[in-house]
Structures are given as C-alpha cells and as structure tokens.
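Each chain gets a letter, A, B and so on, in the order its sequence line appears, and its residues count up from 1.
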Amino acid sequence: MQTEAMYCVLTNQGDEILATELDERGELLGDPWGLEPDDVADFVDAHEDPRTRWTWHDTGLAYPPILAAGVRVERAHDLRLCRAILRRSALTEGSGIATAPRDALDEEPPLPAGSGAETLFEVPAGAGLPDPVTELRRQLKAVAGSPDPGRLRLLLAAESAGGLAATEMRVAGLPWDSERHRALLTELLGPRVPAGQRPLVLEQLAARIRDALDAPTLNPDSPQEVLSALQSAGLQVTSTRSAELSRIEHPVIEPLLEYKKRVRLLTANGWSWLDTWVVDGRFHADFLPGGVPSGRWAARGGGALQLPKQVRSAVVAHPGWKLVVADAAQLEPRVLAAMSGDTAMAAAGRAGDLYEGIVATGAVPDRNAAKYAVLGAIYGATAGQSGRLLPSLARAFPQALGLVESAARAGERGEKVTTRLGRSSPAPDGRWRDLVSAASGAAGTPAEESRARSILRERGRFSRNFVVQGTAAEWALCWLADLRRRLAALRTPEGQAPELVYFLHDEVMVHAPEELAAPVAEAVRAAADSAGNLLFPGFPIPFPLEVTVVDDYGQA
DNA sequence: ATTAACGGCGCG
DNA sequence: AAAGCGCGCCGTTAAT
C-alpha cells in the first residue's frame, strides 16, 4: 500500500500546463514538462502508474477535462482537501502548514463550471493560490514530522480518492427518469402550474385547512399564521411541527399534515428542481468531500444528500443495467467498538445485527432499546429512554462508553478531539472561551453561568459525536476508495464499465451492466472488508453490508 | 430591495 | 415515537 509514492503536480503556467514529478520526500525527479491543455489527458494516460499521485489544487477543476477524454486516474493528491486536514489536525500542530497565513487554498473549492465538459485548465489559476510544488512539499513535511505519519498518509490518500470519486459521480450523474418523476408530481400535486402558483391538489388542501380553522385568508405556508389560527381554534400547540400536530385530534390535522408533506415535495423536488438539476436523464450532484468538519461529505445544489424516499423510484437503471445499492449496517456503533477496542461490543456485533447482540448480553431489554441507547451514547443523550439506559450500557461496554465520555470531557475543556486517522475538530473560537471564562469567574450572574454550562455541554456533545462520526466517515472513505479501484477492473466484453453514481455517508450506489451486478456486489463487500482491516487492523469486528440489486432506487 | 435568521423538514 | 449529533434547502419574516 505505502510503496514509494510519486507525485506528479499539474498546474497552469500561462497558457501551458506544467507537469512536475517529485518523489515522496518532495525532491524533483527531473525537469518539468510543459504541455498544451489539449495534451494533458494523453500525458496523464501515458504516465499513469499505480504509484503516481496526480497532484493539483482542486480535483473538481483539474480532473473533468481528463475524464472527458476518457482517461481515469488511479490516485490523486488534492492539495485543497489535504490542506484543510493538515491545518487543523492535532497531529500536525505547529507545522508549517498549520501556522502559515491563510490563503486562497483555505477557501471553499470553486464551483465547477457546467457539467464538466469544458477544458477547465484553460481557466487561469485562481488568484492567491500557492505554488503547488511548494504547497505539496510543506504538506509532505508536516506529515513526515507528525507523531503518526502512517495514519495521516492513509487519511490524505483516502480524502483525495474521495475527491476523485466525487468528481466522477458528478460527471456521470445519477440516472434519473424524469417521466416517472413527473408522473409522481402529477399524481400527488396535480397538473404542473407556473412557479409561484399552487397546484390544484395543494389549493384544495389549503381550502380544507382554512375551512377547518374558520380562517378564510390563512396562508398555510406561514408557520406564524398557522400557529395563531390553530390556537384561535382552541388547540394547545406551541409550534406547527408535524410531530407535534400528529399527536392532536382535530379535523384540520389531516389536511394540514398532507399539505405540508406535498408542499415539501413541490418546493424541494418539484418541476423546477427537475428543470434545474436533471440534464439528459442524469442528476449531476456536486459533492463536497470533507465538506463537514467531521469529514463527512456535503453537497451543493439539488439537495443531493437529502433525496426523499418519496422520489427515489425516479432513480432508474438504464435498460440492461442494474443499480447495486449497498449500505453499511450499524456503522457508527461498530466503528465505536473498534476504535475503543471494546471487545465486548465487538462480540455483540460479530454474529450479525449488533443491536440484537447487545440485547443478548442482557444489558437492555429489546432491539429498539439497544438502538436508542447506543445512538444516545454517541450523540450525548441525557434524558428519555436512551438516557436512562446509559448506566447499564456503560457497565456492559465500558471501553466504548469511556471513549465517547472522554471525548465529551475534552470538548468541554475546550480541547480539540481527533479521529482514528487524524482529522481534528475545529478549536472553539475566542468568543466561546470568553463566554465560558466570564461565567466561571466570580462575577458570573446566574444567567451567564447557566448559559456557559449549556454551551459547554453543547461542545461536549459535538466532540463526543465528532470522534465517532468522523471515524465512521473515514471508514466510508476507505470503503469508497477501495471500491473505486475494484470497479476499475470490471468491464463487459463490449467494454461497458460500472459507474459509481451515489454516496451517502454509509451507503453507495453503482450503476452497472446487468451481467456485472454480481461481481459489483462482490466488490462492494470486499471493499468493506478492506476498509475495516485498513482502519482497525486485527480487531475482530465485521462491517456487514446490506446489498440489493434493483431496477430503481425505490426498491432498495 | 437585498440579506440574515428562523421554522420546518428531508437525509444519515 | 422516543432525544442527543451532523448537514442543505425552502418560504417566511425580521433586519438592514
């Protein structure tokens, strides 16, 4: 895995692209090449080697033209993604990267222009971006000087592979059946109407709501108006949240909940969403690896990570193709067991369902209790059923609970916390420290003290969750990276290749020719095993998947 | 008129 | 359904 890496840095230099080869210590391996933008893909293809990490400021800008030429790269080093990790990591504190003044590479990645067809190398290098060779050397130095270079190298490799996968997924797009989607909209909302108008079904529901509340001019889209209309009707409610409304009996509740459900479909995934995001039968989502502090991905535009179950049946495999959908079962608790070395919790997860395994230890009465207790431990629940179950969970799994507890305490002390591979939480800002110290001083008023306690606990819950969510994100990145490599080896005799099309925290989707569905499913499982071994070598806990092969995402 | 915060809800 | 975490996006409302 870690056999001598080689870096080939691609960067704009006037009208040319400069390709500079360096070894893993950052030493030049020869004179740089000057390339015409149109020749970059051929150059990459000719120089592709399993040891080479293609290095650039932004995968999302540099990679699409290469992909457009039909060339796929195996490994990369994304300077922006890696900078973000090294800037913050407790393992590289005090390094040149951590202490350098902020520059343009610390900003959000630029928006990719269009759907990736154009040659983005023609765009002049962003102002203020550091020289990539200098930047790479600083990054390599920071890693080499850290107490655990191996962890960080793995993290940077996985993060960069995530960058490649994200770009490939955006360019490929999620196969989308607009006809099926439109049929759904017509069924639930009525015929299409111009933007800004209420479709027929919503108008009818609105009329029923006004009628039931005796409020003829009520705007059902205004929480304020709805709340006061409900209260005028004598209902004891403090908000218009569906969860609260559904506990009440009144003629308005049914149409109101139905209205909320359907208006949500209209505004989030209605006709204008289709017009904006689905191009040539594909939803081109813009994924942002590392977009969340914990290392989870974010997405920009189209709500790619919040596709409601309602519309998933519009994700349809092409004729003769299948969707292979896989999700990791109970990922976060398994990660917690592994990272804390809790062999009792690992044993509970060995036979199959981890929550059932916990029930079998006698710590909790049933599966639901196990689930809420474990999630409550990870999230920092104090009240309710999950809060009450914590003591008995802590007796059964002291290592696991101890890990999240100590993360919470560290957070409350204002310290950073760090994932398995070395991604650290952002340090609390000065305002946070001021608030806390002001309240703890003798002059703190009761209100200040209570406010301070509350933000302390908040920081504790964030930190507790960060280490687990962040390490789970690392597992998922390793899974994705390994899967990506395995998929590259699969191809039909006619040359059709499976496409990675979707990734959602603990779930992946591959669009594959039917005859490759079984090997793809096998690759997905093998990749999960690899990820577990990579992150937690020798620790006896499996990472089982639920894998389905379907024609549309609604069936998964 | 534009921007920011809020309530609400979708996903994990 | 439970209460704790992490997000993005919408329309409304308040602030500028």
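Looking at heavy-atom distances under 4.0 Å, G384(A) makes contact with sugar-phosphate atoms alone, never a base. Within 4.0 Å (heavy atoms only), T240(A) reaches sugar-phosphate atoms of the nucleic acid but no base atom. Residue A268(A) is classed as having no contact, given no heavy-atom separation below 4.0 Å to the nucleic acid. The residue R464(A) sits apart from the nucleic acid: no heavy atom pair falls under 4.0 Å. Residue contacts for G387(A): at a heavy-atom cut-off of 4.0 Å it reaches no nucleic acid atom on any strand shown. Among the heavy atoms of the strands lying under 4.0 Å from G301(A) are primed sugar atoms or P, OP1, OP2 only; no base atom is included. Counting non-hydrogen atoms under 4.0 angstrom, F462(A) reaches the backbone sugars and phosphates but no base. Within 4.0 Å (heavy atoms only), A299(A) reaches sugar-phosphate atoms of the nucleic acid but no base atom. At a threshold of 4.0 angstrom between heavy atoms, the contacts of R296(A) include nucleobase atoms, whether or not backbone atoms are also involved. Backbone-only engagement by L307(A) is indicated by non-hydrogen atom pairs under 4.0 Å involving sugar-phosphate atoms exclusively. S294(A) comes within contact range of no nucleotide atom at all, as no heavy-atom separation falls under 4.0 Å. Residue contacts shown for R457(A) are absent, as no nucleic acid heavy atom lies under 4.0 Å away.
Residue S386(A) places its side chain closer to dA3(C) than to any other of dG8(B), dA3(C), dC10(C). Listed candidates were dG8(B), dG8(C), dG12(B). Nearest to the side chain of Q306(A) is dG8(C). Ranking dC7(C), dG12(B), dG10(B) by closeness to the H505(A) side chain, first place goes to dG12(B). Residue K261(A) has its side chain nearest to dG10(B) when only dG6(C), dG10(B), dG12(B) are considered. For R241(A), taking side-chain heavy atoms from C-beta onward, the closest of the listed nucleotides dG12(B), dT12(C), dC9(B) is dC9(B). Comparing atom distances between the Q385(A) side chain and each of dG11(C), dA2(C), dG6(C) picks out dA2(C) as nearest. Side chain of D221(A), nearest nucleotide from dA2(C), dC7(C), dT12(C): dT12(C). Relative to the side chain of Y379(A), the nucleotides dG4(C), dT12(C), dC9(B) differ in distance, and dG4(C) lies closest. When each of dG4(C), dC5(C), dC9(C) is scored by its nearest atom to the side-chain atoms of R264(A), the top-ranked nucleotide is dC9(C).
In dG8(C) the base sits anti relative to the sugar, since the glycosidic angle is further than 90° from 0.
Rounded to whole Å, the distance from CD on Q330(A) to P on dG12(B) is 15 Å. At whole-Å resolution of the value, CG in D327(A) and P in dG12(B) are 9 Å apart.
The shortest non-hydrogen separation linking L305(A) to Y502(A) is CA-OH, 3.9 Å.
Pairing partner, dG4(C): none, since no Watson-Crick or wobble contact has both distances short of 3.5 Å.
The shortest side-chain heavy-atom distance between T418(A) and R423(A) does not fall under the 4.5 Å cut-off. Residues R87(A) and T92(A) form no side-chain contact, since every pair of their non-hydrogen atoms from C-beta on lies 4.5 Å or further apart.
Listed for the Q469(A) side chain is no donor-acceptor partner under 3.5 Å among the backbone atoms of S294(A).
Using the six-membered ring where Trp is involved, H181(A) and W176(A) have ring planes that are tilted, between 30° and 60° apart.
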Between the protein and nucleotides 13-16 of chain C, which nitrogen or oxygen pairs are less than 3.5 angstrom apart?
unit_1: dT13(C); atom_1: OP1; unit_2: S222(A); atom_2: OG; d: 2.4
unit_1: dT13(C); atom_1: O3'; unit_2: Q224(A); atom_2: NE2; d: 3.1

